[in-house]
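Scope of the values below: all heavy atoms of this structure, side chains included, with no hydrogens, waters or symmetry mates.
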Amino acid sequence: MNKEIEQSPTLSIRISTDGFCFCTYLPQQPDSVKYTTYDCDRQISLTANFEAAWQACNLANEEFSKIQAIVVSTEFTAVPPSISSRDEQETIFRSCFPHTKEETRVISNTLSAHNMTILFGVDEELHKLLTNIGEVSYYSPISIMSGFLTRYPMGTGRYIMVDIQDETMQLMAMEEETPLLMNSFHAADTADQLYYLLYIWNELGFSQEEETLLLCGNHQADRFEMAVKDFIRNIKRINPRQLFQSNLLNKIETTPFDLQALILCE
């Protein structure tokens with residue numbers, strides 16, 4: 001990589017049916033962070049939305065030293081790292097999600113610390129658009145949560161970490177450093193979010209008095225916290241402004257937690 005490329009910014013993208021986030025920054029210059037968001041038009045495809053957002057964000061003519069993309073989806077599964085061939089991964093993923101469109105590319109993230117690989121899908125047309133931007137590293141939100149918990153251990157015992165962003169919630173149950181369960185739900189309503197969490201809490205035999213809920217997310221998480229207090233005693237709010245004090249991202253209120261964690265846990 002030549003010196004000019006090394007001095008180019010990193011581009012981090014968050015792709016969701018809720019909308020898109022584009023964040024550029026120079027790692028050695030925290031005050032260089034630029035952050036923009038775009039809402040999705042539900043009348044057109046996610047790919048068409050992304051194409052319009054990419055043109056509007058005025059980044060198309062820039063050069064980047066690194067490009068990374070978070071693809072938010074409720075469809076992911078974990079497999080042993082030994083399942084490494086693309087054909088095997090695609091077969092397993094499509095068996096788990098038989099209604100997945102044929103035009104879906106299966107992506108894998110290997111989580112060495114937890115000895116597993118996460119499989120998730122990216123629309124093929126969207127993948128092509130991103131390939132035109134450059135070489136992209138893809139991540140699932142649950143992969144980022146796993147990496148965050150590896151780098152920032154949240155104590156001993158059993159706990160569940162939940163990230164709530166608009167219409168989705170990512171959930172990871174842990175026993176010390178070992179994952180017990182990972183899941184993601186489409187849930188825009190607080191009642192639905194409560195149902196999913198409390199069902200899993202009960203199924204895992206978690207105590208309402210002793211085990212801990214780690215909660216992060218946007219304004220939806222604020223409403224959820226008020227509601228879940230009636231059922232779980234130990235709630236700890238994960239505040240990016242406290243964890244990531246050295247980076248300008250913590251001053252941007254709308255930055256999703258997984259995007260901050262992706263950038264800051266590199």
Side-chain angles (χ1 to χ4, degrees), residues 14 16-19 21 37 39 70 72-78 114 118 140-245 249-262 264-265:
R14 188 176 192 270
S16 168
T17 54
D18 299 337
C21 305
T37 61
D39 294 331
I70 302 171
V72 180
S73 172
T74 58
E75 295 187 349
F76 69 85
T77 191
H114 291 147
I118 302 296
S140 164
I142 207 70
S143 304
I144 297 169
M145 186 179 289
S146 171
F148 169 80
L149 291 175
T150 298
R151 182 161 179 176
Y152 296 92
M154 291 289 119
T156 58
R158 301 198 303 172
Y159 60 88
I160 291 180
M161 184 172 183
V162 175
D163 179 19
I164 297 177
Q165 301 287 339
D166 293 328
E167 298 182 0
T168 59
M169 61 184 295
Q170 309 288 335
L171 179 152
M172 193 163 182
M174 302 286 292
E175 183 163 5
E176 297 187 349
E177 298 179 2
T178 302
L180 298 176
L181 180 146
M182 297 179 291
N183 215 327
S184 178
F185 304 96
H186 180 87
D189 183 83
T190 299
D192 290 338
Q193 295 160 0
L194 272 176
Y195 172 81
Y196 290 131
L197 173 67
L198 295 177
Y199 178 82
I200 289 173
W201 198 273
N202 182 66
E203 285 295 298
L204 292 177
F206 275 36
S207 167
Q208 292 176 272
E209 300 290 329
E210 297 176 5
E211 263 81 56
T212 301
L213 171 66
L214 305 178
L215 179 62
C216 56
N218 62 6
H219 59 278
Q220 288 278 53
D222 298 334
R223 291 196 289 269
F224 180 79
E225 183 176 13
M226 295 298 297
V228 79
K229 283 180 178 179
D230 293 335
F231 304 95
I232 297 172
R233 178 179 296 275
N234 296 324
I235 302 171
K236 180 180 179 182
R237 192 65 184 263
I238 305 298
N239 188 337
R241 292 174 183 80
Q242 296 172 356
L243 288 172
F244 307 141
Q245 291 179 6
L249 279 178
N250 65 54
K251 298 179 181 177
I252 304 175
E253 293 185 3
T254 56
T255 309
F257 183 85
D258 51 16
L259 182 60
Q260 293 200 42
L262 171 64
L264 300 171
C265 290

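Scanning both residues, Thr255 and Leu259, for their nearest heavy atoms gives CG2-CD2, 4.1 Å. For the residue pair Ala188 and Glu167, the shortest heavy atom distance occurs at CB-CG, 3.8 Å. For the pair Glu209 and Arg233, the tightest heavy-atom approach, listed with the atom from each and the gap, is OE1-NE, 2.6 Å. Annotation for Val72 and Asp258: closest pair CG2-OD2, 4.5 Å, computed over non-hydrogen atoms. Across all non-hydrogen atoms, the minimal contact from Gln170 to Ser73 is NE2-O, 4.2 Å. Asn218 and Arg237 make their closest contact through O-NH2, 3.8 Å (heavy atoms, listed as atom of the first residue, atom of the second, distance).
Between Ile238 and Tyr152 the shortest side-chain heavy-atom distance does not fall below 4.5 Å. Contact annotation: the side chain of Leu213 approaches that of Trp201 to within less than 4.5 Å [non-hydrogen atoms, C-beta and beyond]. Between Leu180 and Phe206, some side-chain heavy-atom pair lies under the 4.5 Å cut-off. Between Arg223 and Gln193, every side-chain heavy-atom pair lies at or beyond the 4.5 Å cut-off. Using a 4.5 Å heavy-atom cutoff, the side chains of His219 and Asp166 are in contact. Taking the side chain as every heavy atom from C-beta outward, Pro256 and Cys21 approach each other to under 4.5 Å.
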- For Ile144 and Asp163, run side chain to side chain contact (heavy atoms under 4.5 Å, CB included): C-alpha distance rounded to whole Å, both residues' side-chain angles, the deciding distance at 0.1 Å, then the answer. CA-CA 11 Å; Ile144 297 169; Asp163 179 19; over 6 Å; no

- Message: Working note: Ile142 + Met145, criterion side chain to side chain contact (heavy atoms under 4.5 Å, CB included); need CA distance, chi angles, decisive distance, verdict.
- Response: CA-CA 5 Å; Ile142 207 70; Met145 186 179 289; 4.3 Å; yes

- Message: Does Val228 form a side chain to side chain contact (heavy atoms under 4.5 Å, CB included) with Thr190? I'd like the steps, not just the answer.
- Response: CA-CA 9 Å; Val228 79; Thr190 299; over 6 Å; no

- Yes or no on side chain to side chain contact (heavy atoms under 4.5 Å, CB included) for Ile118 and Met182, after CA distance, side-chain angles and deciding distance? CA-CA 10 Å; Ile118 302 296; Met182 297 179 291; 3.7 Å; yes

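With hydrogens and angles disregarded, no donor-acceptor distance shorter than 3.5 Å links the side chain of Asp39 to the backbone of Gly19. Although no hydrogens or angles enter the test, the distance criterion places no donor-acceptor pair under 3.5 Å between the side chain of Glu225 and the main chain of Ala221. Although no hydrogens or angles enter the test, the distance criterion places a donor-acceptor pair under 3.5 Å between the side chain of Arg158 and the main chain of Gly205. Side-chain atoms of Thr150 come within 3.5 Å of backbone atoms of Ser146 as a donor-acceptor pair (strictly under, hydrogens ignored).
If you take NZ on Lys236 and CE on Met161, they are separated by 10.0 Å, rounding to the nearest 0.5 Å. For the atom pair Leu197 CG and Asp192 CG, the distance stands at 12.5 Å (nearest 0.5 Å). One distance of note links CD1 of Ile164 with CZ of Phe224; it measures 4.5 Å at 0.5 Å rounding. With rounding to the nearest 0.5 Å, the separation of CD1 in Ile160 from CD1 in Ile200 is 6.5 Å. Distance check: His186 NE2 to Glu75 CD gives 12.5 Å after rounding to the nearest 0.5 Å. Atom CE of residue Met172 and atom OG of residue Ser184 lie 13.0 Å apart, to the nearest 0.5 angstrom.
Taking the six-membered ring where tryptophan is involved, the planes of Phe257 and Phe148 are perpendicular, since the angle between them exceeds 60° and thus also 30°.
Within 6.0 Å of the CD atom in Glu177, the count of heavy atoms belonging to other residues, nucleotides or ligands does not exceed 12.
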